[in-house]
There are 2 protein chains.
Amino acid sequence: MAEDKILDRLLPGRRAALKREILEHALACFNELGIEATTIDAVKTRCGTSVGAIYHHFGNKEGILSTLFFIAQDDQRAQLKAVLQKANTLQDAVYIMVRSYVDWVTDHPDWARFLFQARSAVAKGPHRQQLEERNVENYRDLKDRLFSLDRGPHEIIQSSELLPSLIIGPSENLCRAWLSGRIQVSPSEYRDQLAESAWRAIQRSQ
Amino acid sequence: MAEDKILDRLLPGRRAALKREILEHALACFNELGIEATTIDAVKTRCGTSVGAIYHHFGNKEGILSTLFFIAQDDQRAQLKAVLQKANTLQDAVYIMVRSYVDWVTDHPDWARFLFQARSAVAKGPHRQQLEERNVENYRDLKDRLFSLDRGPHEIIQSSELLPSLIIGPSENLCRAWLSGRIQVSPSEYRDQLAESAWRAIQRSQ
DNA sequence: TTTCGCAACAGAATAATATTCTGTTTATGG
DNA sequence: CCATAAACAGAATATTATTCTGTTGCGAAA
């Protein structure tokens, strides 16, 4: 399963076996019951461990939450960064970004669902500063990359704040709808349309 | 303040005074502390009332949450519906949708922030069915409206599932960034660019 | 190989929080 | 004015998060 692969990659080894178990089952609980409704006892029972073990590894409920959150975000960002290396033009980059985003969500729907749900909790919790730092770094990197690429003859939207929203916004919105069950057909079906549309969206009028 | 106006409009009269008070302060707590971190005791103290009163009016914490959520969603939808009446062409409608959305968020930032944060909690809680029903109704209405309008000579994206995401997705993404403090300049500054871009986004290639 | 030290775990005890319950007040229709 | 129910207060209870104390087992240093 895709979930296990993410955890195995970031927490390898036999030593971290229980830690992985806890994270895996906590993720499932958060997604099935909601973050506030999942109790420590529920994840304890679910992986047949003890509260002591959970608190030893994560400190508190928020610790589990933010660990999962940063793992997911790291994985998503790493994949984007890797494929974005190959882009030669801005148009390449836009297509790659959209496809990478849609692929990641459809490859890891449980992680993606969690990422959407947990963001606001992490943003308010004790790791908000860490989240903020990562965000500014990620967006700075992305902006630098986008502005370093060849734009060809095209007239592109100037604002660096607008650009990411125009490129990813529609895909994100559609993925949310899919993950919540509001729409049935997978966003991957719309991958190319989303990419083409994003490219049109960032052109300047006239 | 814009917040008070929304509550005054939907819960008028002297009888509902405390109910309004509780909602108003609960909204502030949820936004400042986060949903999970706000305790009943905190909102009790903040509006100088009793737990008895709170539970009398709302049943439980989730009751406060969903009441606030549906109030906000209703207000946003009502505004959209009202202005969307005036649209004569699809292009009109796209511009109106984007502007109405951005205006509502920038007019009611606290309500908008809450709407983003609370959605997943409501979607898992006891009112999930009510939320789902509203969503399908809203999206059905919107789809009907969009497909009833004159498209002029333009070739438009066919998928009715894709259309709303393409139109609102970028604005939503940008508004989230603004509400979370990641970007400083108000989305209203980008209102027209967002509208024009959305219109380009939904054209079909070639 | 033995032993020391510390991380990994278990589960009882405690603290914080949500919810219920019982009683009192207040408004309102008859 | 009275009856009635909603509106409210606060103590009591239940649920859940967190801490604390102790045990186990592994891995490194001797």
Side-chain angles (χ1 to χ4, degrees), chain A residues 7-8 10-69 117-118 121-122 124-127, chain B residues 7-8 10-69 117-118 121-122 124-127:
Chain A
L7 281 177
D8 291 346
L10 276 89
L11 287 172
R14 215 185 80 248
R15 296 292 303 278
L18 179 58
K19 204 167 180 178
R20 274 200 309 272
E21 277 274 302
I22 296 172
L23 287 173
E24 186 180 330
H25 288 110
L27 177 66
C29 287
F30 286 142
N31 276 331
E32 287 170 20
L33 312 171
I35 290 173
E36 188 160 14
T38 72
T39 78
I40 297 294
D41 202 71
V43 352
K44 179 205 87 173
T45 303
R46 185 149 179 166
C47 37
T49 180
S50 64
V51 290
I54 296 179
Y55 277 87
H56 169 70
H57 284 293
F58 301 103
N60 54 30
K61 187 174 168 182
E62 218 282 335
I64 312 179
L65 204 74
S66 55
T67 300
L68 281 171
F69 183 86
Q117 294 203 354
V122 177
K124 293 283 163 51
H127 301 84
Chain B
L7 281 177
D8 292 345
L10 276 90
L11 287 172
R14 215 185 79 248
R15 295 292 302 279
L18 179 57
K19 204 166 179 178
R20 274 200 308 273
E21 276 274 302
I22 296 172
L23 287 173
E24 186 179 329
H25 288 110
L27 176 67
C29 286
F30 287 141
N31 276 331
E32 288 170 20
L33 312 172
I35 289 173
E36 190 161 12
T38 70
T39 79
I40 297 294
D41 202 72
V43 353
K44 180 206 87 173
T45 302
R46 184 148 178 167
C47 37
T49 180
S50 64
V51 289
I54 295 179
Y55 278 87
H56 170 71
H57 284 293
F58 300 102
N60 52 31
K61 187 175 168 182
E62 216 283 335
I64 313 179
L65 204 75
S66 55
T67 300
L68 281 171
F69 183 86
Q117 294 204 352
V122 177
K124 292 283 163 51
H127 301 85

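A note on names: the letters A, B, ... follow the listed sequences, proteins ahead of strands, and every chain is numbered from 1.
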Atom pair [atom1]/[atom2] of [X] and [Y] - distance to nearest 0.5 Å:
X	Y	atom1	atom2	answer
A/N60	A/I54	CG	CD1	11.5 Å
B/I22	B/L27	CD1	CG	13.5 Å
B/I35	B/L65	CD1	CG	5.0 Å

Please answer whether the main-chain N or O of B/T38 pairs with a side-chain N or O of B/K61 as donor and acceptor at a distance below 3.5 Å.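 Such a contact is found between B/K61 side chain and B/T38 backbone.
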
Short question: side chain of A/H25, backbone of A/E21 - any donor-acceptor pair under 3.5 Å?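 Yes; at least one donor-acceptor contact below 3.5 Å.
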
Can you name the residues that form a side-chain contact (heavy atoms from CB on, under 4.5 Å) with A/A26, not counting sequence neighbours?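 A/F30, A/I64, A/L68.
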
Nucleotide [N], atom [atom2] - distance to [atom1] of [X] in whole Å:
X	N	atom1	atom2	answer
B/K61	D/dT16	NZ	P	13 Å
A/L65	D/dA17	CG	P	12 Å
A/I64	D/dT18	CD1	C1'	12 Å
A/E21	C/dC9	CD	P	11 Å
B/N60	D/dT16	CG	P	13 Å
A/Y55	C/dA15	OH	P	15 Å

In degrees rounded to 10°, what angle is found between the helical axes fit to the five outermost pairs at each end of the helix from C/dT1-D/dA30 to C/dG30-D/dC1?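 Taking the rotation axis at each end, their angle is 20°.
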
Are the side chains of A/H127 and A/E62 in touch, meaning some heavy atoms are under 4.5 Å apart?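 Counting from C-beta outward, A/H127 and A/E62 do come under 4.5 Å.
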
How would nucleotides 3-14 of chain D be written as a contact map, 5' to 3', with B for base contact, S for sugar-phosphate-only contact and - for no contact, using protein heavy atoms under 4.0 Å? ---SBSBBB---

Can you list everything that forms a ring-ring contact (aromatic ring centres under 6.0 Å, His included) with A/F69? Sequence neighbours excluded, please.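 Not a single residue meets the ring-ring contact (aromatic ring centres under 6.0 Å, His included) criterion with A/F69.
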
Report all side-chain donor-acceptor pairs from residues 41-49 of chain A shorter than 3.5 Å, counting only partners two or more places apart or in another chain.
unit_1 : atom_1 : unit_2 : atom_2 : d
A/D41  : OD1    : A/K44  : NZ     : 3.4
A/T45  : OG1    : A/D41  : O      : 2.9
A/R46  : NH1    : A/E32  : OE1    : 3.2
A/R46  : NH2    : A/E32  : OE2    : 3.3

I need the minimum non-hydrogen distance between A/V122 and A/S66, along with the two atoms involved.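 For A/V122 versus A/S66, the nearest heavy atoms are CG2-CA, 4.2 Å.
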
Minimum heavy-atom distance A/L18-A/H57, with the two atoms named: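 Scanning both residues completely, I find the closest heavy atoms to be CD2-NE2, 4.4 Å.
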
Taking only heavy atoms on the protein side, list every residue of residues 31-47 of chain B lying under 4.0 Å from any atom of DNA chain C, sorted numerically.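 Per residue number, the list reads B/T38, B/T39, B/I40.
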
